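Everything numeric in this text was worked out from a predicted model, so none of it was measured. Just follow the structure's listing: the first ligand is 1, and inside any ligand the first atom is 1.
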Amino acid sequence: MDKKQAEELKEKLFNKKENGWKGKLQEDMENIFEYAKGYINYMNKSKTEREIIENSKKIAEAHGFKDIKDYQNLVAGDKVYYINHEKSMYLAIIGNKPLENGLNIIGSHADSPRLDLKPNPLYEDSEFAYFKTHYYGGIKKYQWTAIPLAIHGVIVKTNGEKIKVCIGEDEKDPIFTITDLLPHLAQDQMKKKASEVVEGEDLNLLIGSIPFDAEIPEGVKLNILNILNERYGITEADLLSSEIELVPAMKCRSMGLDNSMVAGYGQDDKICVYTSLTALMNIENPEKTAVCIISDKEEIGSMGNTGMESHVFDTFISELLNKMEINKPNLLEKVFCNSKMLSADVDTGLDPIYSSVSDRNNSSYLGRGVGLNKYTGARGKSGASDANAEFVAEVRKIFEENNIRYQISELGKVDVGGGGTIAYILANKGIEVIDCGVPVLSMHSPYEVTSKFDLYEVYRGYEAFWKNA
Ligand code: MN
Ligand code: MN
């Protein structure tokens, strides 16, 4: 066999793993960059799960979706949503085929790692006022000091009045920060393990330093409470029934001299929320019922009544069956057993600086398209939902027929670590599920990085799944 024949054979037999930007037409490039602008805009308005749900509701309603309570009956083509405690959301477009044939589901999560305020957050020390925090999700605590932070959330008074708070996003707003120790005096700190360099109890947000205008103990704290009272009509006790989140005040931005990437907070997993939601908006009269899940609490185990482990999603699908007047015993279980799902969560991208944790042949790369994980888990795949080969083949077929670039990988080297998503929760109901999302660098940091190529490819991939699965 000569060299040319060998090269032809290689071309035919090898799984080509090429950079997706190569050979892109000008028109495609424009579509990619334009789509990324919409994403960046959405991200800058949606830093918390409540904001994600509020803004996603607006997008859905602008495309003809209505609250399920506003439908007496549901028929093919109807677009419906249900919002669960302002933190998670399920959307559906009723398909032409009976629901018993199964649903096509794409499910992401709207919550991201952050710092929550403690129930009794406010204190004064050495004439500074602080908010005490309790971190949410898997973070490297040292990454959250010496960066600008914004305060987002709600305070609910006992009379039911709900006050929305958002300080630090507008250019005119003040921002907040958690101080760090100067290197000159950090000899002991620098010898500590990274997990202990900054302790959880030291993640205290600096929020004020002017004492109240009279000689009185805790004058700075009093001044802060007076400001909060004048602005929101609240007292210290009202913070007991609040959900205030500290998130990076940095804007989501286009990144790189070639503008090829996006840097921003909370892309895990808001990037999959945006791509799935916008893909759903392109679906009209699907064959199978298209369902989009935006879940909450994924970063802390999906528990609670807004997490995916709750039964509220089942109730939503039961309601669809009721309002179509087709419900009967065990139908819900049958619907699930015939359903297919992309668990839309971010994938880890290979970072050349930290490549020692990755098996290069089984890593996702930024710029190579949709990142699929057949399984996640840790050690011997512990805790994994391992997608069936038949379903993996089906998803490959959809992507290949629609010219969507994808890669199938693992989260790091064997025994180095592990992770999970909502995949197993839906798989436990009998649904065929595979993890499918956008590769990310600096995952769970205050400033995550993604590729605009992958962003657009995942959006196209989700649309293709809903249209063809
Ligand atoms: Mn995630
Ligand atoms: Mn995560």
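Less than 6.0 angstrom separates the ring centroid of Phe316 from the ring centroid of Tyr90.
Under 2.8 Å from the Mn ion (ligand 2) lies an N/O/S atom of Glu299, whether from backbone or side chain. Metal site remark for the Mn ion (ligand 1): His109 contributes an N, O or S atom at a distance under 2.8 Å.
Ring geometry for Phe391 versus Phe465: interplanar angle over 60°, hence perpendicular rather than tilted (30 to 60°).
Without hydrogens or angle criteria, Asn362 side chain to Ser409 main chain gives no donor-acceptor distance under 3.5 Å.
Residue-level check: among N/O/S atoms of Asp345, OD1 sits closest to the Mn ion (ligand 1). The atom name of the N/O/S atom in Asp268 closest to the Mn ion (ligand 2) is OD2.
The minimum heavy-atom distance linking Ser343 with Ile422 is given by the pair OG-CG1, 4.0 Å.
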